[in-house]
Amino acid sequence: MTNERLHHRPESLSPRYSSPTGGDHLLFLAEALRTFHDTGALAPSGPELVNALVVPVTSRPNRPISVLEVGAGTGVVTRRLAQVLRPGDRLHVVEANPRFADRLREDPVLAARRPGVGLRLSACRVEELPECHPPTPEGAWTDEFPERYDVIVSGLPFTNFEPAQVRDILDLYLRLLVPGGELTYFGYLGTTTARTLTSGPRRGARHRAVVRLLRRFEEAYGLGERTAWRNVPPARAYLLRSPGGREAWGSAGSPAVEPADTATAADAAKARDRDAAGAISTRGTKTTSAESMSGAAPVAR
């Protein structure tokens with residue numbers, strides 16, 4: 001496990017591969033064939049899905065923000081984040097695959113990001129994040145770790161995991177988000193049927209259990225969703241917002257607010273309603289994350 005800053009490298013912006021896009025697809029396919037359980041797809045996310053995942057960063061308060069990206073892969077979302085972040089913002093990238101982490105270290109777009117945008121790479125699993133941080137070097141981010149984030153963008157293939165692992169990761173996301181912080185993740189359409197037909201009843205049942213868990217999580221915290229029909233395969237991005245109170249998951253996998261936090265959670269719910277009705281100023285326009293995620297009508301999963 002390593003944790004390091006990604007430095008600006010203006011003197012050496014030429015990567016060892018000629019085309020980031022072409023190189024991404026070849027590397028992603030090779031890693032998907034080698035470790036599909038952790039990769040979860042055969043190609044990086046397309047532009048339509050990438051834009052949906054970064055909505056909380058493009059529809060944002062007019063102040064510096066801290067962003068955590070989990071499961072960055074070859075960096076298609078990371079590069080988009082680096083392009084839209086402003087001076088004073090910080091981006092923490094977590095990628096467990098060492099080959100993907102190597103690609104991120106040499107990425108020219110990340111190296112040429114705006115001055116003043118902090119960028120850190122942790123080559124470990126998100127569950128290992130608290131133990132993944134060495135002492136912060138001089139000149140790095142000044143916040144102590146583990147810090148809390150305004151936005152989390154997750155690229156993890158949840159339906160490849162066991163339900164207990166998914167629940168643990170979602171719990172961790174809630175703890176890592178600031179009160180009212182926003183989370184995006186995505187899922188491919190039609191995977192439940194495909195998994196049942198191709199993987200047998202046991203894996204099909206596990207897949208359905210994870211989908212039910214995610215749906216309950218979305219019912220509790222969801223703000224909106226957007227379907228990326230032109231993605232390969234088509235995918236749906238989900239936008240969620242953390243509450244103000246501390247959450248505990250019930251034994252059946254559904255979120256349940258602890259009695260001591262009931263008032264806090266109720267206040268947070270009212271605040272979410274006010275935020276959804278209001279407008280967040282961003283670069284001269286007024287919009288909200290939920291409005292940005294609205295659009296295509298939901299379809300049967």
Side-chain angles (χ1 to χ4, degrees), residues 1-35 38-58 60 64-124 126 132 136-141 149 151-156 184 186 228 230-232 283:
M1 297 183 294
T2 63
N3 178 272
E4 61 200 78
R5 297 177 69 205
L6 297 181
H7 296 277
H8 291 281
R9 294 179 298 168
E11 74 284 356
S12 178
L13 296 182
S14 298
R16 282 180 281 172
Y17 49 96
S18 59
S19 169
T21 301
D24 282 354
H25 280 79
L26 291 175
L27 176 60
F28 203 100
L29 178 60
E31 291 304 294
L33 295 175
R34 191 177 68 89
T35 58
D38 294 321
T39 306
L42 296 177
S45 300
E48 185 182 12
L49 180 56
V50 170
N51 287 335
L53 291 171
V54 303
V55 157
V57 180
T58 55
R60 50 171 288 169
I65 61 174
S66 181
V67 181
L68 173 68
E69 184 191 4
V70 182
T74 55
V76 291
V77 174
T78 317
R79 287 190 287 272
R80 179 65 177 144
L81 288 169
Q83 291 169 343
V84 300
L85 289 174
R86 309 173 190 173
D89 293 343
R90 294 163 300 165
L91 174 60
H92 186 184
V93 181
V94 176
E95 175 49 59
N97 184 304
R99 293 172 177 82
F100 289 157
D102 287 343
R103 173 59 58 88
L104 294 168
R105 291 187 187 99
E106 66 180 22
D107 190 282
V109 176
L110 302 183
R113 67 191 183 277
R114 295 179 181 181
V117 174
L119 190 58
R120 183 185 294 271
L121 171 66
S122 293
C124 62
V126 67
C132 192
T136 305
E138 184 178 357
W141 299 350
Y149 301 90
V151 176
I152 296 178
V153 179
S154 177
L156 296 181
T184 57
F186 71 95
R230 292 189 294 273
N231 196 72
V232 180
R283 298 179 188 263

Distance, nearest 0.5 Å, that separates [atom1] of [X] from [atom2] of [Y]:
X: L121; Y: D107; atom1: CG; atom2: CG; answer: 11.0 Å
X: L68; Y: I152; atom1: CG; atom2: CD1; answer: 5.0 Å
X: D89; Y: L119; atom1: CG; atom2: CG; answer: 11.5 Å

Where is the tightest heavy-atom contact between [X] and [Y], given as atom of each residue plus distance?
X: S66; Y: Y149; value: OG-CD2, 3.2 Å
X: A101; Y: A123; value: CB-CB, 4.2 Å
X: V70; Y: V126; value: CG1-CB, 3.7 Å
X: F100; Y: G73; value: CB-O, 3.2 Å
X: E48; Y: N231; value: OE1-N, 4.1 Å

Which residues satisfy the side-chain contact (heavy atoms from CB on, under 4.5 Å) test with A72, sequence neighbours excluded? E69, T78, V93, E95, L104
Taking only residues two or more places apart in sequence, or in another chain, which ones meet A82 in a side-chain contact (heavy atoms from CB on, under 4.5 Å)? L110, R113
List the steps, then state whether salt bridge (charged side-chain N to carboxylate O under 4.0 Å, His left out) holds for R99 with D102. CA-CA 5 Å; R99 293 172 177 82; D102 287 343; over 6 Å; no
Sole residue of T184, L81, V151 in side chain to side chain contact (heavy atoms under 4.5 Å, CB included) with V54: L81
R114 vs L85 side-chain heavy atoms within contact, under 4.5 Å: no
Is a side-chain N or O of R79 found less than 3.5 angstrom from the main chain of P108, in a donor-acceptor match? no
